[in-house]
Amino acid sequence: MDPLTHTLLGANLASTRLRETTRLATAALVIGANLPDVDSILYFTGHDDLALGFRRGWTHGVLALVVLPFLQTALLLLYDRLRPDPQKRVHAGWLLALSAGAILTHPFLDWLNNYGMRWLMPFRGTWSYGDSVYIMDPWLWLILGAGWLAPRRATRVTVGIWAVCTAMLVYVVAGRAMVYLPVVAAVALVLLIALLGRPRVTWIPNAAVALAAAYIVTRLVIHEAAETHVERELASRNVMAAPHPIDPTSWAVVAQTGDVYRFGRYSWRSGLALDDLRIPVADQSSPEWQAAERDPSIRGFMTWVRFPWYEVDGRRMFVRDARYAVRRHGRGGFGGVEVQLPPKYR
C-alpha cells in the first residue's frame, strides 16, 4: 500500500485509547506502521534492480516481524532516556506490544495488492499476492482520513497536513493515471469537510479502524469469488484478478491459458469479457531466457516477475511482466526491463 494509507492506519490507532497506555505510544504506532518500508531507501542509491530484488523481503518478512519491534522499542526507550518527561511514564512492555502490532499491519496491507509480499524472507523468497485491494485505495483514504481528521480542530497544522497530503497524492496520481485526479479531488474535499465540520466525535477513529477492517475483509471475500469464477471459466490455475481502484465489483484479469496470456475484465454485472490480445508465455527453457536469468543487472526483476514474457530484437531482450506491461516493442517502463544478450548466448 501507499505510505499515506500506512500512516493513516497508524494515526487512527494512535487516536484510540491505545495512546493512553504509555508515553510515546503515538510514535510507536505511526512509526511502526511505516517502519518495514525502510528498504525503500535503496531506490535512492540509483540501483533500481537491487532495490526491486530487496523490496518487500528482508524488512517485511517473518524475521523482520520478530526483530523490528525490539529494535523500534529500544530506540524509543533511548529517546525517552535522552528526553525524559517526569509527567508521563514510558512502559517498555506496552511499547513493545504496540510496536509489534503496528509493524504487523504493514506487510498485511502490502500483501493485499497485486505487487506481492514475501512473508517467509529471508528463509524463502516465494511471493504471495492478496490481489484484493488496490495499491492506492481511495476508499481507505476516505475511511481512515475521516477517522483521523474528524475529531481534530482545524488549525494551521491540521489544514497544512491535509494540504500537503493532497498535493502529494495529486502529484503521484497525475504521473500514473490522470483520469483518477477527480477521485483524489473528491476524497480531499470530503476530508476537508470532515476537518472543518462540527461537532468533534472522539470515537470516530475506533469506527474508522473497524470500518477499514470490514472493508478489507469484504474485498478479500469478493476477490476469492471472482477469481474462482474466472479460473473455472478459463480452466486455468494461473489467474490474477486485480482490483479496480474504485469499483469493488470489477476486476482486471490476467490468465495463462496454454502457452499464452489472456487479458480482460470480470464484473458481477457482465461476467467475464476477454480482449483479443494474446501474449506468448515466456519459454523458460529457451537460451534467451536462460541468458537473461544469468544476467546480474536484472536479477532483482527476475525474482519478482509473476507473468513473464519477452521479445528479442537482435541482441536486445525486453523482459516484461504481464501484470503491468503489455506493450510490444520498446522498453516499456514499469514492469519491464531491457537486457543485452551476450554474443554467444545460443
Side-chain angles (χ1 to χ4, degrees), residues 1-44 54-110 119 121-122 140 144-145 147-162 164-165 168 195 200-210 212-213:
M1 300 299 289
D2 60 279
L4 178 60
T5 303
H6 289 300
T7 303
L8 284 174
L9 178 57
N12 273 271
L13 291 172
S15 298
T16 68
R17 293 188 64 180
L18 290 175
R19 70 179 181 275
E20 302 171 5
T21 56
T22 176
R23 185 190 178 214
L24 301 179
T26 296
L29 290 166
V30 175
I31 296 173
N34 288 280
L35 187 58
D37 267 349
V38 68
D39 62 359
S40 62
I41 195 172
L42 288 175
Y43 281 106
F44 295 97
F54 198 77
R55 193 79 172 95
R56 296 193 180 184
W58 279 76
T59 64
H60 287 61
V62 61
L63 183 61
L65 296 180
V66 175
V67 174
L68 288 181
F70 287 95
L71 177 62
Q72 177 172 287
T73 300
L75 292 174
L76 291 174
L77 290 173
L78 176 61
Y79 176 85
D80 179 69
R81 175 167 293 188
L82 295 175
R83 301 194 64 178
D85 184 347
Q87 305 300 320
K88 297 180 181 179
R89 293 187 57 191
V90 67
H91 190 292
W94 268 112
L95 275 185
L96 181 60
L98 296 177
S99 296
I103 289 168
L104 179 60
T105 67
H106 189 105
F108 174 71
L109 288 179
D110 281 352
W119 286 105
M121 282 292 287
L140 287 177
L144 297 173
W148 187 74
L149 287 172
R152 283 166 170 73
R153 291 186 300 120
T155 64
R156 289 183 179 180
V157 173
T158 54
V159 173
I161 292 174
W162 169 86
V164 169
C165 290
M168 291 175 63
L195 176 60
R200 303 297 165 203
V201 183
T202 57
W203 51 261
I204 285 184
N206 303 65
V209 172

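Note that this is a predicted model, so its numbers are computed, not measured. Only this structure's heavy atoms are used, side chains among them; waters, hydrogens and symmetry mates stay out. For the single chain, residues carry numbers from 1 onward in sequence order.
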(request) Would you check if the side chain of T22 reaches a backbone N or O of A25 as a donor-acceptor pair within less than 3.5 Å? (result)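 Between the backbone of A25 and the side chain of T22 there is no qualifying donor-acceptor contact (under 3.5 Å).
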Do the side chain of T158 and the main chain of R153 share a donor and acceptor less than 3.5 angstrom apart?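 Present.
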So do [Y] and [X] actually touch side chain to side chain, heavy atoms under 4.5 Å?
| X | Y | result |
| --- | --- | --- |
| W148 | I161 | yes |
| H106 | D37 | yes |
| P69 | L96 | yes |
| T21 | H91 | no |
| V30 | T7 | yes |

Identify the heavy atoms of [X] and [Y] that sit nearest to each other, and give their distance.
| X | Y | answer |
| --- | --- | --- |
| T73 | S99 | OG1-OG, 3.7 Å |
| G145 | L8 | N-CD1, 3.9 Å |
| P36 | T59 | O-OG1, 2.6 Å |
| L144 | T5 | CD1-O, 4.1 Å |
| N34 | P3 | OD1-O, 3.6 Å |
| A28 | L98 | CB-CB, 4.2 Å |

Can you confirm whether [X] is buried at [atom1], in the sense that more than 12 heavy atoms of other residues, nucleotides or ligands lie under 6.0 Å from that atom?
| X | atom1 | result |
| --- | --- | --- |
| Y43 | OH | yes |
| L63 | CG | yes |
| W58 | CH2 | no |

What distance separates [X] [atom1] from [Y] [atom2], expressed to the nearest 0.5 Å?
| X | Y | atom1 | atom2 | value |
| --- | --- | --- | --- | --- |
| N12 | L18 | CG | CG | 11.5 Å |
| R55 | L42 | CZ | CG | 9.5 Å |
| I103 | L68 | CD1 | CG | 5.0 Å |

Discussion item. Would H60 and D110 count as a side-chain hydrogen bond (donor to acceptor under 3.5 Å, both in side chains) here? Give the steps.
Written reply: CA-CA 9 Å; H60 287 61; D110 281 352; 3.1 Å; yes
Run the side-chain donor-acceptor check on residues 79-90: report pairs under 3.5 Å with partners two or more places apart or on a different chain.
| unit_1 | atom_1 | unit_2 | atom_2 | d |
| --- | --- | --- | --- | --- |
| D80 | OD1 | R23 | NH1 | 2.5 |
| D85 | OD1 | Q87 | N | 3.0 |

Can you list every salt bridge (charged side-chain N to carboxylate O under 4.0 Å, His left out) pair that touches residues 2-18, not counting sequence neighbours?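 The answer is R17-E20.
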Checklist entry - M1 and L9: side-chain contact (heavy atoms from CB on, under 4.5 Å), yes or no, with the steps? => result CA-CA 11 Å; M1 300 299 289; L9 178 57; over 6 Å; no
**Asked** Considering residues at least two apart in sequence or located in another chain, which fulfil the side-chain contact (heavy atoms from CB on, under 4.5 Å) criterion with I31?
**Response**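 For I31 the side-chain contact (heavy atoms from CB on, under 4.5 Å) partners, ignoring immediate neighbours, are A27, Q72.
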